[in-house]
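A quick write-up on the structure given underneath.
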Amino acid sequence: MEKTEAYFMKQAIDLAKRAREEGNEPFGAILVKDGEVVMRGANHIHSGSDPTFHAELGLIRAYCSAYQVSDLSEYTLYTSCEPCVMCSGAMVWANLGKVVYSVSHDQLAEIAGGNIMIACRDVFQKSPNRPEVEGPICPEEGLQVFEGYRFG
């Protein structure tokens, strides 16, 4: 199978489904370098009793720590939903090269209601490191993960 943006995004969406099945919020992410997945992550805010354990932040933290890396400029992070302000900040500090998302903040706001809904592009625009942004990719598949889900 050709490794397209959709190929990688579907893996992130599958992780979001698994997170939901495990009692966490439905978000997943993968980190890719040179066309290969180097790490996978999912939301663990409930199972880890950590409100900051979003898929993207947990993935960045785990990868950088495990491989003693602090510069992700050669990496792409695929995430099932547009990153929140906190995760976008982590991407800035890790100097991430690119982020690709499925469900946009606007789409999530319709499902989840109000929250800190600032587009990752807006965060990056005011930051010293500015990851490239692409999305939404496979938004229909990404939205299916939220069907019947209640935030709260």
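Side chains are part of it too, since the values below use all heavy atoms of this structure and drop only hydrogens, waters and symmetry mates. Counting begins at 1 with the first residue of the sequence.
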Residues 59-69 vs side chain to side chain donor-acceptor pair (under 3.5 Å), sequence neighbours excluded, gives Y63-Y75
Looking only at heavy atoms, the pair that brings P128 and V92 closest together is CD-CG1, 4.1 Å
Report the C-alpha separation of Y101 and V103 in whole Å, then their side-chain angles, then the decisive distance to 0.1 Å, and conclude whether the side-chain contact (heavy atoms from CB on, under 4.5 Å) test is met. CA-CA 6 Å; Y101 65 86; V103 176; over 6 Å; no
P83 and V99 have their tightest heavy-atom pair at CG-CG2, 3.9 Å
Here the pair of heavy atoms bringing S102 nearest to P139 is OG-CA, 3.6 Å
Here the pair of heavy atoms bringing I30 nearest to F8 is CD1-O, 3.4 Å
request  = Dump the intermediate steps for side-chain contact (heavy atoms from CB on, under 4.5 Å) on I60 and M91, then the final yes or no.
outcome  = CA-CA 8 Å; I60 290 169; M91 292 172 192; 3.8 Å; yes
Spell out, as yes or no, whether a donor-acceptor pair under 3.5 Å connects the side chain of S80 to the backbone of G142. no
Those residues at least two apart in sequence (or on a different chain) that pass side chain to side chain donor-acceptor pair (under 3.5 Å) with R18 are none
Salt bridge (charged side-chain N to carboxylate O under 4.0 Å, His left out) filter on E74, not counting sequence neighbours, yields K33
Contacts satisfying side chain to side chain donor-acceptor pair (under 3.5 Å) that involve residues 129-152 (not counting sequence neighbours) are K98-E134
The side-chain contact (heavy atoms from CB on, under 4.5 Å) partners of S70 (sequence neighbours excluded) come to none
What one should report as the nearest heavy-atom pair of K10 and C138 is CE-SG, 4.2 Å
Any donor-acceptor pair under 3.5 Å linking the side chain of H105 with the backbone of I118? yes
Output for pair (L108 CG, F27 CZ), nearest 0.5 Å, gives 5.0 Å
Applying side-chain contact (heavy atoms from CB on, under 4.5 Å) to D106 and not counting sequence neighbours gives S104
Taken in chain and number order and not counting sequence neighbours, the residues that satisfy side-chain contact (heavy atoms from CB on, under 4.5 Å) with A29 are A55, E56, L59, L77, T79
Return a table of donor-acceptor pairs under 3.5 angstrom between the side chains of residues 35-51 and protein atoms on other chains or two or more places apart.
unit_1: E36; atom_1: OE1; unit_2: K3; atom_2: NZ; d: 3.2
unit_1: E36; atom_1: OE2; unit_2: K3; atom_2: NZ; d: 2.8
unit_1: R40; atom_1: NH2; unit_2: Q11; atom_2: OE1; d: 3.0
unit_1: N43; atom_1: OD1; unit_2: E25; atom_2: N; d: 3.4
unit_1: N43; atom_1: OD1; unit_2: I45; atom_2: N; d: 3.1
unit_1: H44; atom_1: ND1; unit_2: S47; atom_2: OG; d: 3.2
unit_1: S47; atom_1: OG; unit_2: N24; atom_2: OD1; d: 3.4
unit_1: S47; atom_1: OG; unit_2: N24; atom_2: ND2; d: 3.1
unit_1: D50; atom_1: OD1; unit_2: T52; atom_2: N; d: 2.8
unit_1: D50; atom_1: OD1; unit_2: T52; atom_2: OG1; d: 2.6
unit_1: D50; atom_1: OD2; unit_2: T52; atom_2: OG1; d: 3.4

*Hey, any chance L31 and F124 share a hydrophobic cluster, counting ILVMFWY side chains that come within less than 4.5 Å of each other, even indirectly?*
yes
In short, side chain to side chain donor-acceptor pair (under 3.5 Å) pairs touching residues 85-97 with sequence neighbours left out are D71-N95
